[in-house]
**Q** 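First the structure, then my questions, so here it is.
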Amino acid sequence: MATDTYICTTMKNLILLLFFIPLFALGQHSINGTFAPIENYKWAILYRVDQTGTFYTADTRMDDKGAFKMSLDENVSPGVYRMVFGLPAEEYSFDLLYSGKEDIELKYEEGKGVSYVSSEENKLWNDYLDTMEKMTTQIVNGYVDGDKKTTSNTFKLRTKAQKEFEKISEGTIAASFIKASKGYVPNDYEDGPTFLKNQKATYFDAIDATDTILQKSQFIFQKAYSYIKEKEDVSAVAQFLDKANQEYQKSMLLQIWEQLVAEDRVETANFLHKMHLSPLAKRLKDTKLVNKLFKFEMLSIGHLSPNFSWTDEDEKKHWFHEIEGAENYILVFWSSTCSHCLNELPKLQKKIKTLPEGKFQVVAFGLEDDIYGWKNETLRLPAFMHIPGLGKWDNMTCKSYDVNKTPTYFVMDKDKVITAKPDELEDLFEVIDPQEKAAEK
C-alpha cells in the first residue's frame with residue numbers, strides 16, 4: 001500500500017509539473033545551479049553525449065557561493081548532456097536531459113548527488129528511475145524471502161507505474177528513455193529461473209534501435225554492453241541492432257568492439273569482428289575498418305605472429321618463423337634514435353642473462369632511417385639477434401605488427417604464437433620472470 005500511495009503522489013505531482021511545460025518556447029535557455037561544499041568545486045564543463053563520445057558545449061566557473069550559470073543558444077540541440085565538474089571525469093560527472101524548451105536549475109551536494117529545482121524533463125526521468133529502483137529492490141527481496149504474494153503485487157504495481165510514466169511523458173525527451181527502460185514484467189508470479197529466462201528472452205523488446213533520441217545517447221550502448229557482459233551473447237545484440245540503419249549498426253558494433261578490446265576480452269572481440277562487424281563493414285565498403293579488425297585479430301594472443309623476412313650481410317634470406325633454438329622469443333621493435341629504447345634494451349639484455357640459457361631469445365627489429373647509427377648501437381646489445389628495418393614507420397613489418405611507438409614488445413612461444421603483449425618493460429619482466437614478482441610479494 002505504501003508503494004501504491006507513493007506512485008499516486010508522484011504521478012499527481014508530475015502531471016502538475018508537466019502541465020506547465022512550454023510547448024513551443026524555443027530559443028536561448030540556461031543551466032544554472034549550485035555545487036556544495038563550495039570549496040570543493042570551482043568549474044564545470046557541459047558536453048553533448050552521443051553514441052560516438054562526448055562533445056564540448058559550454059563551460060563555467062563557480063562564484064564564491066558555489067553558484068554557476070551556463071547560457072545555451074538555439075544551436076544547442078536537444079539530447080543528453082554530461083556535466084563534468086572534476087577529475088577523473090568518470091567520477092565527477094552526471095548526465096542530464098536538455099529539451100531546448102526549458103531552463104534547468106539544479107543542486108549538486110557531495111554525497112547526495114544531483115537534484116533538480118526546475119526542469120520537468122529531468123524531474124520526470126529521475127522520478128521514474130527512483131520509482132523503478134524501489135520496485136526492483138522489492139522484487140529481488142521478494143524472491144530472496146520466498147514471498148510470492150508481495151512479488152506478484154509488485155509486478156502489478158510496476159506495470160501500472162510504467163503505463164502512467166509513459167502517458168505523462170508523451171512529447172518529452174524522457175519518453176524515449178522511459179519506454180526503453182520498461183524491462184520484462186510478468187502478469188503474475190513466476191519462479192526465479194523462469195523469470196530470469198523470460199527476462200533474457202525479452203531484454204531488447206522495449207528498446208527501439210531506430211529511435212533517434214536513443215541513438216544520440218549512450219543508452220543503447222550501455223544496455224547492449226551490459227547484456228554482453230552478463231549473457232555473453234554478442235549475436236543477440238547484433239540481431240537487435242539489425243533494425244537500425246547500417247551506418248548506425250557499424251558505429252555501435254565498433255564501439256562495443258573497442259570496449260571489449262579495452263577490457264582485454266579478446267576472444268569475444270574477435271568473434272564480434274568475424275561474425276558481425278567485418279561482414280557489415282564489407283557491405284559498407286569500409287576497407288579501412290576491415291583491415292583494422294583483421295590486423296587486431298592477427299596480433300591477438302594465441303594467434304600465429306605475422307611472418308617476415310630479411311637479408312643478412314651475405315645476401316642470404318631469412319624468415320622469422322624459421323628461427324630456432326629457444327623456448328620463447330621476445331620480438332622488440334626499437335630505434336637507435338629512441339631514448340626510451342636506449343634506456344630499456346640494456347636492462348632487458350641484463351635480465352635475459354639471468355635466465356636459463358635458451359629460455360628466451362630477443363629479436364630486436366630496428367626501425368631506422370639509415371643503418372649507420374643502428375649498427376653502432378647494436379654493438380652494445382650483443383645478446384640480441386638484430387634485424388634492420390629501413391623506412392622506419394613506413395617499414396612493412398612495422399605496419400604488419402601495427403607498431404606506433406618504440407619500444408614495442410611481443411612475447412611468443414617456440415612456434416612464434418603470440419603469448420603476451422606487455423606495454424612496459426616492467427610488464428615484460430613479469431611475463432618472462434614471474435617468480436621474481438612472486439618473491440617480491
Side-chain angles (χ1 to χ4, degrees), residues 261-262 264 288 291-292 294-301 303-326 328-355 359-414 416-433:
V261 170
D264 204 26
K288 184 176 180 181
N291 291 338
K292 172 183 176 179
F294 179 76
K295 184 175 291 185
F296 176 84
E297 182 188 5
M298 291 300 98
L299 295 173
S300 297
I301 293 173
H303 280 257
L304 182 66
S305 61
N307 203 2
F308 58 88
S309 65
W310 71 97
T311 303
D312 63 21
E313 294 179 349
D314 298 324
E315 299 300 318
K316 184 178 179 180
K317 191 173 185 178
H318 302 272
W319 288 92
F320 177 57
H321 285 180
E322 294 176 354
I323 298 174
E324 296 179 339
N328 303 277
Y329 292 86
I330 300 170
L331 176 61
V332 53
F333 290 88
W334 71 295
S335 173
S336 61
T337 59
C338 163
S339 59
H340 290 297
C341 302
L342 300 181
N343 177 48
E344 291 189 8
L345 265 61
K347 295 177 182 178
L348 176 57
Q349 178 174 247
K350 182 178 179 181
K351 182 67 176 178
I352 292 297
K353 289 180 177 180
T354 67
L355 301 176
K359 187 72 174 177
F360 284 93
Q361 170 67 60
V362 177
V363 179
F365 194 99
L367 300 175
E368 306 292 337
D369 290 318
D370 62 67
I371 206 166
Y372 306 107
W374 169 79
K375 276 190 173 181
N376 289 332
E377 290 299 333
T378 61
L379 298 176
R380 300 173 58 229
L381 304 166
F384 296 172
M385 177 184 293
H386 291 283
I387 300 172
L390 295 179
K392 207 161 185 177
W393 302 113
D394 292 326
N395 182 276
M396 291 307 298
T397 303
C398 170
K399 290 184 176 181
S400 67
Y401 275 84
D402 199 26
V403 177
N404 50 45
K405 68 180 181 68
T406 54
T408 291
Y409 301 103
F410 292 87
V411 182
M412 306 170 191
D413 65 15
K414 62 182 179 62
K416 314 306 182 298
V417 172
I418 299 171
T419 57
K421 297 164 60 177
D423 289 327
E424 305 292 342
L425 185 63
E426 291 75 13
D427 301 326
L428 176 61
F429 285 174
E430 288 186 29
V431 172
I432 65 178
D433 192 11

**Q** Which pair of non-hydrogen atoms, one from Pro382 and one from Leu379, has the smallest distance, and what is that distance?
**A**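 Distance-wise, the nearest heavy atoms are CD-O, 3.7 Å.
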**Q** Would you please name every residue forming a side chain to side chain donor-acceptor pair (under 3.5 Å) with His340, sequence neighbours left out?
**A**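 With sequence neighbours excluded, His340 shows a side chain to side chain donor-acceptor pair (under 3.5 Å) to no residue whatsoever.
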**Q** For the backbone of Ser336 and the side chain of Glu368, can you confirm whether one donor and one acceptor N or O come within less than 3.5 Å of each other?
**A**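 Judged by distance alone, yes, a pair lies under 3.5 Å.
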**Q** Is the distance between the ring centroids of Phe365 and Tyr401 less than 6.0 Å?
**A** no
**Q** Looking at CZ of Phe296 and CG of Asn291, how far apart are the two atoms once the value is rounded to the nearest 0.5 Å?
**A**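 Taking CZ in Phe296 and CG in Asn291, the distance rounds to 15.5 Å.
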**Q** Throw together a table of side-chain donor-acceptor distances under 3.5 angstrom for residues 403-412, partners on residues two or more places apart or in other chains.
**A**
{"residue": "Lys405", "atom": "NZ", "partner": "Pro407", "partner atom": "O", "Å": "3.4"}
{"residue": "Thr408", "atom": "OG1", "partner": "Lys405", "partner atom": "O", "Å": "2.5"}
{"residue": "Tyr409", "atom": "OH", "partner": "Glu344", "partner atom": "OE1", "Å": "2.7"}

**Q** Heavy atoms only: give me the nearest Met298-Ile418 pair and the separation to one decimal.
**A**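 Smallest interatomic distance, heavy atoms only, reads O-CD1, 4.1 Å.
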**Q** What are the two closest non-hydrogen atoms of Lys416 and Phe320, and how far apart are they?
**A**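 Minimum heavy-atom contact is CE-O, 3.5 Å.
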**Q** Looking at CD of Gln361 and CD1 of Ile330, how far apart are the two atoms once the value is rounded to the nearest 0.5 Å?
**A**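 Taking CD in Gln361 and CD1 in Ile330, the distance rounds to 9.0 Å.
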**Q** Has the side chain of Lys295 got a donor or acceptor atom that lies under 3.5 Å from a matching backbone atom of Lys399?
**A**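 At least one qualifying donor-acceptor pair exists.
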**Q** Show the nearest heavy-atom pair for residues Tyr329 and Asp413, with the distance to one decimal.
**A** CD1-O, 3.7 Å
**Q** Tell me if a side-chain donor or acceptor on His386 pairs with a main-chain N or O of Trp374 at a distance below 3.5 Å.
**A** no
**Q** Whether the side chain of Lys351 engages the backbone of Leu428 through a donor-acceptor N/O pair (distance < 3.5 Å, no angle test) should be reported.
**A**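 No: the side chain of Lys351 does not pair with the backbone of Leu428.
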**Q** For the atom pair CG (Leu425) and CG (Leu345), what is the distance rounded to the nearest 0.5 Å?
**A** 8.5 Å
**Q** Enumerate the residue pairs fulfilling salt bridge (Lys or Arg N to Asp or Glu O under 4.0 Å) with a member in residues 380-397, sequence neighbours excluded, ordered by first and then second residue.
**A**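 Residue pairs with at least one partner in residues 380-397: Glu377-Arg380.
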**Q** Sub-3.5 Å donor-acceptor pair from the side chain of Asp314 to the main-chain atoms of Lys316, do we have one?
**A** no
**Q** Show the nearest heavy-atom pair for residues Met385 and Ile323, with the distance to one decimal.
**A** SD-CD1, 3.5 Å
